[in-house]
Structures are given as structure tokens and as C-alpha cells.
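Have a look at the structure below, then the notes.
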Amino acid sequence: MKTCDSCRKAKGAIQVAGHSATLRDLRETPLAPNEIARLLATFGEELVNRRSTTWRALSGVERARDPAALLTAHPALMKRPVIEAGGQLHLGWGREVQEVLLGKGAAGA
């Protein structure tokens with residue numbers, strides 16, 4: 001999402017490393033059901049960001065919904081960024097993801 005700092009940092013670091021990166025704003029172009037299913041199959045419920053302001057605003061009934069339904073109704077609930085590189089999916093922009101995508105010592109990126 002355009003307003004996601006982690007997404008912007010990841011995109012910038014990936015581009016500085018000489019790779020192309022495309023940022024998809026999920027509010028403008030939501031995920032299709034098959035895309036949500038693929039991400040949930042890879043990351044499970046970890047894909048739902050339970051620390052977000054969107055999550056905190058949900059009622060208990062809404063929080064109990066199926067993760068696919070939640071992500072369809074509230075795209076901002078998805079933990080970001082999700083990065084696809086070399087046929088592999090990566091979640092977040094932590095040290096491990098940075099090292100895999102940018103090489104050793106990249107955590108300062």
C-alpha cells in the first residue's frame with residue numbers, strides 16, 4: 001500500500017540492489033480470491049496483521065471470521081509487504097527477508 005512504510009522501504013532497497021519492484025496498493029487493486037488462497041496456503045493466519053489499527057477496530061464477531069473473508073472485506077488487515085521473488089513468497093521486511101533478497105549484511109537497508 002502506498003502509505004505503508006515497510007512496503008516503501010522494501011521497494012526502495014530492492015531497487016537500490018538493482019532489481020525491479022512493483023508496489024500494489026490493495027485498496028486500489030484488491031487481491032482476487034485465488035491470490036488470497038495462495039497467500040494463506042503459504043503463510044496461514046500469520047498473514048492477518050493482528051497488531052494493526054484495522055484489527056483493533058473490528059468487533060469480536062468480525063475477528064472470528066475466516067481469514068480469507070477478513071482479508072477480502074478489509075485488505076488493510078494483510079501483513080505487509082508480501083514479496084514474490086524467484087517463485088518464492090516472503091512476508092514482511094525483517095532481517096531474514098532482507099538477507100534472502102539482498103544478501104548478507106542487508107539488514108541495515
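Arg24 places a side-chain N or O within 3.5 Å of a backbone atom of Pro30 that can act as its donor or acceptor partner. Checking side-chain atoms of Arg50 against main-chain N and O of Arg56 turns up no donor-acceptor pair under 3.5 Å. Side chain of Arg65 to main chain of Leu71: no donor-acceptor pair is present (N/O by atom type, distance under 3.5 Å, no hydrogens or angles). Judged by distance alone, with hydrogens and angles left aside, the side-chain atoms of Glu99 form no donor-acceptor pair with the main-chain N or O of Glu96 at under 3.5 Å.
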### Query
For His90 and Val100, what are the C-alpha separation, side-chain angles and deciding distance, and is it a side-chain contact (heavy atoms from CB on, under 4.5 Å)?
CA-CA 9 Å; His90 306 275; Val100 167; 3.6 Å; yes

### Worked check of side-chain contact (heavy atoms from CB on, under 4.5 Å) between Leu102 and Val97
CA-CA 8 Å; Leu102 304 176; Val97 173; over 6 Å; no

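Residue Trp93 comes nearest to Ala13 through the heavy atom pair CZ2-CB, 3.6 Å, listed as atom of the first residue, atom of the second, then distance. Here the closest non-hydrogen pair linking Ala21 and Lys11 is O-CE, 3.6 Å.
A salt bridge links Arg38 with Glu84: the closest approach of a Lys/Arg side-chain nitrogen to an acidic carboxylate oxygen falls below 4.0 angstrom.
At a threshold of 4.5 Å between side-chain heavy atoms, the hydrophobic network of Ile, Leu, Val, Met, Phe, Trp and Tyr places Val16 and Leu101 in two separate groups. There is a path of hydrophobic side-chain contacts, each under 4.5 Å, that joins Leu89 to Leu26.
Atom OG1 in Thr29 sits 9.5 Å away from atom CD in Glu35 (nearest 0.5 Å). In this structure, Arg80 CZ and Cys4 SG are separated by 4.5 Å, a value rounded to the nearest 0.5 Å.
At least one side-chain heavy atom of Ile83 sits under 4.5 Å from a side-chain heavy atom of Ile14. At least one side-chain heavy atom of Leu58 sits under 4.5 Å from a side-chain heavy atom of Leu70.
Checking each of Val48, Ile36, Leu31 against Met78 for a side-chain contact (heavy atoms from CB on, under 4.5 Å) leaves exactly one that passes, namely Leu31.
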